[in-house]
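Just below is one structure, and these are the notes that go with it.
Every heavy atom of this structure was used, including side-chain atoms; hydrogens, water molecules and symmetry mates were not. Because the structure is a prediction, the values reported are computed rather than measured.
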Amino acid sequence: MQTEDLITQHFRLAPSQAKALEKLRLETVRDLLYYFPARYGQVLPEKKIAELLVGDNVTIYAQVVRAKVSKAWKKKIPMGEVTLEDQTGRIKAIWFHQPYLAKKVAPAHFARLQGKVAERKGELYLANPEIEAVSGLGTSETLFADENNAEINYLLPVYPETRGISSLWLHHAVKKILKNNLQESLTDYLPTEIIKKYNLPKLATALVWIHSPRTESDSLAARKRFAFEEIFFIQLTRLRAKLNYQEQQAFVIKPEQKGLDEFISRFPFPLTSAQDRAIQQITTDFTKSAPMTRLLEGDVGSGKTAVATVTALAVVQAGGEVAYMAPTEILAKQHFESFISYFRHLPRVQIGLITGAGCYKFPSKINLNSYTNISRPQLLKWVANGEIPILIGTHALIQKAVKFKNLAYVIIDEQHRFGVMQRAKLVRKDENKAPHLLSMTATPIPRTLALTIYGDLDLTLLDELPAGRKQVKTEIVSEVNRNKAYAHIKQELESGRQAFVICPRIDEPDPTKALAMQTKSAKAEARRLQDKIFPDFTIGLVHSKLKPKDKEEVMSDFASGKIDILVSTSVVEVGVNVPNATIIIIEGAERFGLAQLHQLRGRVLRSSHQAHCYLFTSKASGQENARLKALEKAKNGFELAELDLKLRGSGSLSSGKQWGLSDLGMEAIKNLKMVEAARLEAQNLLKTDPDLKNSKLIKEKLAEQKAEIHFE
């Protein structure tokens with residue numbers, strides 16, 4: 001058996017098992033070794049059937065003789081019953097209210113059962129035990145009998161399952177691999193000096209400890225090693241990407257401070273000290289020959305667009321061009337109109353918009369205060385010759401037909417919504433020089449996660465709200481208090497304000513599903529609110545199934561005040577700016593992630609009026625309520641991110657798959673010291689060996705690194 005051998009070469013698999021392994025992406029023996037347990041359970045003492053006593057909590061291994069489903073005695077309770085035997089005797093296992101468990105293991109097959117021994121009319125039986133099939137790996141004798149019965153002292157690994165493959169099957173499959181010492185043949189890519197410095201187990205030892213830990217400390221040490229390794233190699237990948245990008249020549253831009261100051265003086269609000277600091281950091285980067293790679297992370301409403309416009313002007317004044325990419329057409333058009341409001345007094349600075357729906361240019365020849373629709377060829381011609389120095393758009397910006405004269409600055413909004421290749425295509429639009437790059441996000445990210453996933457970007461935080469902005473008052477509302485909340489909302493609407501109502505789904509749920517009945521749909525809720533709750537107000541409906549033109553029309557009517565209440569799905573999470581909207585109701589709030597709830601709440605943080613967010617929920621207690629209370633208490637997205645990391649782990653804020661992190665890596669970012677240590681080791685290695693000429697194993701590992709990168 002070799003680690004690169006296919007699993008099918010060594011284990012007899014039923015078709016359902018083969019399909020399940022394919023679904024889990026487990027193809028080789030090596031894949032199995034790197035499929036780590038999600039948690040551990042304590043193994044109960046193993047006994048033979050003849051040794052069982054009433055009250056024992058035990059594990060038995062036996063063959064299923066027969067199975068049946070019936071009704072239990074006088075109460076007619078559904079019951080499943082299995083007769084089992086080993087070399088010493090027979091016993092029954094009985095399940096009340098779960099008769100289907102009796103069919104989990106077919107007669108003549110072997111099973112592992114774990115539970116309590118009970119007695120009825122002098123006959124022993126296992127009451128409602130856990131049962132797992134163990135067919136396909138051998139007989140009970142060869143499969144379960146370790147020398148000295150050592151397994152009793154182990155923690156039992158519990159693996160993520162899928163239909164067709166149980167955790168127990170995976171446990172014994174991995175155990176068989178470890179017994180053949182195949183872990184010894186795997187290359188340990190983590191440098192020996194790092195292993196010694198941080199007292200980490202070697203690869204072979206860590207694989208044994210993570211799959212078959214004798215103690216909890218064994219499993220923790222192994223998980224620490226694999227977490228450190230993952231973060232270390234992600235950091236190396238990110239930092240090398242940054243070095244490679246910054247080896248290119250950038251446009252050296254020396255901002256005209258007088259012009260910038262005059263531009264800022266026209267703003268209808270004073271800049272916050274955080275905005276001033278961000279502008280200073282970005283414009284300082286512009287003066288360097290290496291291209292800037294910076295992330296601007298700011299809470300919803302913190303003024304990222306203002307920073308983008310000031311820094312864009314600095315580039316335009318120096319003769320460069322700016323590309324601004326947004327994830328949706330709605331958001332792209334919103335930024336286009338925002339830029340126009342800032343640049344209206346500078347009609348010589350032409351601004352373009354390109355999306356799948358069409359192209360626009362500001363200013364119009366007919367009206368210098370407005371914009372006009374133009375043909376795509378005409379827009380592309382003016383961008384190519386430099387007449388339109390600022391081009392805003394969606395992914396349409398990265399099309400081959402879009403060419404710039406001197407693309408010096410690229411701004412990517414909500415950058416995590418774009419794929420790696422999309423970002424790379426945009427920053428490589430100019431083949432002679434690399435543009436400065438500013439990524440922006442309003443997604444709250446814990447510091448440890450930011451250090452990991454954005455290792456190739458310098459971080460700038462906008463951690464202040466503009467003067468006069470008030471925190472959104474957030475309130476968790478149970479069903480009994482719903483009408484009270486409606487009464488307050490009606491008062492706000494009567495005073496001229498507007499409201500959002502967010503629902504988890506578009507269409508009405510299947511009435512045959514009890515759980516679905518609790519989930520409000522946007523369509524049904526819009527009708528209910530119009531007919532029964534707010535009949536005197538105009539209600540609009542928008543969702544992802546609407547045609548773009550229809551969606552834009554509804555959004556436009558809401559923005560202009562023609563619609564009082566906008567009922568929607570989470571499609572409004574990004575891209576709607578209506579300062580007069582000061583109320584947001586989120587139905588089924590427990591069904592949304594915290595980051596998404598925070599983004600939705602930000603829709604009403606657009607003016608100096610007091611805003612309210614009502615979290616309507618059917619759950620009055622438990623973990624979900626604790627999460628919502630964190631949203632209720634947190635003052636900003638950064639604080640919320642750290643709170644949520646403590647409450648549930650990073651998975652609720654950012655998907656591990658989205659960031660290129662495994663579940664183990666996502667759990668590891670709770671440990672700031674570990675992340676900083678892994679980052680430091682990666683930085684030190686690249687300082688002494690930037691091309692990894694003396695680190696062949698590491699270079700080999702990076703070649704197969706699957707973590708998402710920004711520029712490579």
With heavy-atom distances below 4.5 Å as the criterion, would you say the side chains of [X] and [Y] are in contact?
X	Y	answer
L239	R679	yes
D463	R277	yes
D689	I698	no
E229	L200	no
Q183	L178	yes
L170	L26	yes
Y159	L32	no
I195	D188	yes

Whether the side chain of [X] engages the backbone of [Y] through a donor-acceptor N/O pair (distance < 3.5 Å, no angle test) should be reported.
X	Y	answer
Q248	Y245	yes
H171	P157	no
Q275	V307	no
T283	Q280	yes
E297	T441	no
K304	G298	yes

Quiz prompt | Verdict with supporting geometry, R25 and D31, side chain to side chain contact (heavy atoms under 4.5 Å, CB included) | solution = CA-CA 8 Å; R25 296 183 180 180; D31 293 337; over 6 Å; no

Which heavy atom of [X] sits nearest to which heavy atom of [Y], and what is that distance?
X	Y	value
I165	A20	CG1-CB, 3.3 Å
P201	R225	O-NH1, 3.1 Å
S695	L685	OG-CD1, 3.7 Å
A332	I392	O-CG2, 3.6 Å
F286	T311	CE1-O, 3.6 Å
T215	S217	OG1-OG, 2.9 Å

Using the ring of each side chain (for Trp, its six-membered ring), is [X] parallel, tilted or perpendicular to [Y], with breaks at 30° and 60°?
X	Y	result
F226	F36	tilted
H172	Y61	perpendicular
Y198	F228	tilted

Quiz item: What do the steps show when you test D285 against H436 for side-chain hydrogen bond (donor to acceptor under 3.5 Å, both in side chains), and what is the final call?
Solution: CA-CA 8 Å; D285 286 345; H436 297 284; over 6 Å; no

Practice problem: Could you give me the CA-CA distance, side-chain angles and deciding distance for M325 and V410, then say whether side chain to side chain contact (heavy atoms under 4.5 Å, CB included) is met? | Solution: CA-CA 8 Å; M325 187 160 71; V410 168; over 6 Å; no

Could you state the interatomic distance from [atom1] ([X]) to [atom2] ([Y]), rounded to the nearest 0.5 Å?
X	Y	atom1	atom2	result
L21	T28	CG	OG1	11.0 Å
E22	T8	CD	OG1	11.0 Å
L33	L186	CG	CG	6.0 Å
Q17	I7	CD	CD1	11.0 Å
T287	F251	OG1	CZ	15.5 Å
K242	L437	NZ	CG	11.5 Å

Quiz prompt | Other residues, nucleotides, ligands: >12 heavy atoms within 6.0 Å of Q683 CD | solution = yes

Quiz item: More than 12 non-hydrogen atoms from neighbouring residues, nucleotides or ligands closer than 6.0 Å to CD on Q9, yes or no?
Solution: yes

Exercise. Could you walk me through whether I282 and T460 pass the side chain to side chain contact (heavy atoms under 4.5 Å, CB included) test, one step at a time?
Key: CA-CA 9 Å; I282 293 168; T460 293; 5.6 Å; no

Are side-chain N/O atoms of [X] and [Y] paired as donor and acceptor at under 3.5 Å?
X	Y	answer
D413	H335	yes
Y40	S219	no
Y35	H211	no

Quiz item: Residues in side-chain contact (heavy atoms from CB on, under 4.5 Å) with E130, at least two apart?
Solution: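 side-chain contact (heavy atoms from CB on, under 4.5 Å) check on E130 returns Q114.
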
Quiz prompt | Residues E700 and K696 bridged, charged N to O under 4.0 Å | solution = no

Self-check item: Residues K176, F11; criterion side chain to side chain contact (heavy atoms under 4.5 Å, CB included); working and verdict
Solution: CA-CA 10 Å; K176 184 177 179 181; F11 300 104; 3.4 Å; yes

